[in-house]
K.L.:
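Below: one structure in structure tokens.
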Amino acid sequence: MYRAVVVKGLRPYSTKASVARQAVDRIIRVDHAGELGADRIYAGQMAVLGRTSVGPVIQHMWDEEKEHLAKFEELVPKYRVRPTVLLPIWNVAGYALGAGTALLGKEAAMACTVAVESVITDHYNSQLRELISLGEEDNKELIDVIQKFRDQEMEHHDTGLAHDAEQAPAYAALSGVIKTGCKAAVWLSERI
Ligand SMILES: [Fe+2]
Ligand SMILES: [Fe+2]
């Protein structure tokens, strides 16, 4: 239930339009950050594993991440969203995560993919529910983009499982740490 509160001399706040606007801002900001991080993770994985048997598999996922990032690079100015100030951190952290897990072996790289993509898929699904609740017609462009990317992230997740992610050393611990890190990165990127 949205109610405009009008105080003389001040603009109304908490209108449905401003709630939707804030949600769209937050969604584009965090997704842009996430796709930058994903691009850097796969770049780091490719630097280590590019010439191995899983090189082409990682390259294919990386190519899709490049498209995701390019799309959000386009949406940030289009919707006049301020990007998160944390981009330089996600740039370095993403690469370090990708290269670091790849150095542990291809299974650990795939475990990283499964963990990251599962958090992102859940996150995209909750954004879709939110955007639909705010108005399917008003948010059609963003809903279509997120639906398409959500499906591709799900495929990346399944690709990781198909390439022995669960055979990684200390799989459960590795997966838990990466998921927690991703959720923290999401939380921060939505806010600053
Ligand atoms: Fe992506
Ligand atoms: Fe992905």
Side-chain angles (χ1 to χ4, degrees), residues 24 26-50 54-76 78-79 81 83-84 86-87 89-102 106-131 139 141-166 168 174-175 177-190:
V24 166
R26 167 171 43 76
I27 285 170
I28 293 176
R29 179 178 306 115
V30 68
D31 292 355
H32 174 239
E35 296 297 352
L36 173 82
D39 172 75
R40 295 294 80 205
I41 288 171
Y42 288 104
Q45 289 188 353
M46 278 304 282
V48 178
L49 297 171
V54 290
V57 175
I58 297 171
Q59 181 69 52
H60 171 72
M61 296 192 282
W62 189 17
D63 289 343
E64 291 186 338
E65 300 301 352
K66 288 179 194 172
E67 282 175 34
H68 298 178
L69 177 58
K71 187 62 182 179
F72 279 102
E73 294 276 357
E74 176 194 316
L75 295 179
V76 162
K78 184 173 177 185
Y79 285 77
V81 171
T84 170
L86 299 168
L87 289 182
I89 295 180
W90 304 149
N91 202 336
V92 175
Y95 192 90
L97 178 61
T101 50
K106 78 177 181 60
E107 294 80 9
M110 292 296 165
C112 169
T113 293
V114 171
V116 170
E117 301 289 8
S118 96
V119 171
I120 296 309
T121 302
D122 287 351
H123 188 64
Y124 276 160
N125 277 330
S126 73
Q127 289 183 343
L128 287 169
R129 284 191 292 273
E130 185 177 7
L131 287 168
N139 297 298
E141 180 185 30
L142 209 44
I143 289 172
D144 288 348
V145 165
I146 294 175
Q147 252 165 3
K148 178 182 169 198
F149 292 0
R150 187 268 325 267
D151 291 346
Q152 290 178 330
E153 314 300 13
M154 197 71 222
E155 282 174 24
H156 299 169
H157 170 272
D158 295 349
T159 299
L161 284 180
H163 287 83
D164 303 327
E166 289 162 316
L174 186 63
S175 171
V177 167
I178 295 170
K179 282 184 181 175
T180 304
C182 285
K183 286 177 194 164
V186 165
W187 191 88
L188 286 167
S189 301
E190 284 180 336

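What's counted below: heavy atoms across the whole structure, side chains too, no hydrogens, waters or symmetry copies. One-based numbering, in listed order, for ligands and for the atoms of each.
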K.L.:
What is the minimum heavy-atom distance between L128 and I143, and which atoms define it?
P.N.:
CD2-O, 3.6 Å
K.L.:
The Fe ion (ligand 2) and H157: any N/O/S contact shorter than 2.8 Å?
P.N.:
no
K.L.:
Check all N, O or S atoms of H156 and name the one closest to the Fe ion (ligand 2).
P.N.:
ND1
K.L.:
Under 2.8 Å from the Fe ion (ligand 1), is there an N/O/S atom belonging to E153?
P.N.:
yes
K.L.:
Closest N/O/S atom of E35 to the Fe ion (ligand 1), by atom name?
P.N.:
OE1
K.L.:
Q45 side chain to A109 main-chain N or O, any donor-acceptor pair under 3.5 Å?
P.N.:
yes
K.L.:
Between R150 and E153, is there a salt bridge with N-O shorter than 4.0 Å?
P.N.:
no
K.L.:
Relative to each other, are the rings of F149 and F72 parallel, tilted or perpendicular (30° and 60° limits)?
P.N.:
perpendicular
K.L.:
Check for me whether K66 meets the cation-pi criterion with W62, that is, NZ or CZ under 6.0 Å from the six-membered ring centre and within 45 degrees of the ring axis.
P.N.:
yes
K.L.:
Return the name of the atom in H68, of element N, O or S, nearest to the Fe ion (ligand 1).
P.N.:
ND1
K.L.:
Is the distance between the Fe ion (ligand 2) and the nearest N/O/S atom of E65 smaller than 2.8 Å?
P.N.:
yes
K.L.:
Under 3.5 Å, is there a donor-acceptor pair between the side chain of S189 and the main chain of V186?
P.N.:
no
K.L.:
Restricting to N/O/S, name the atom of E117 that gets closest to the Fe ion (ligand 2).
P.N.:
OE2
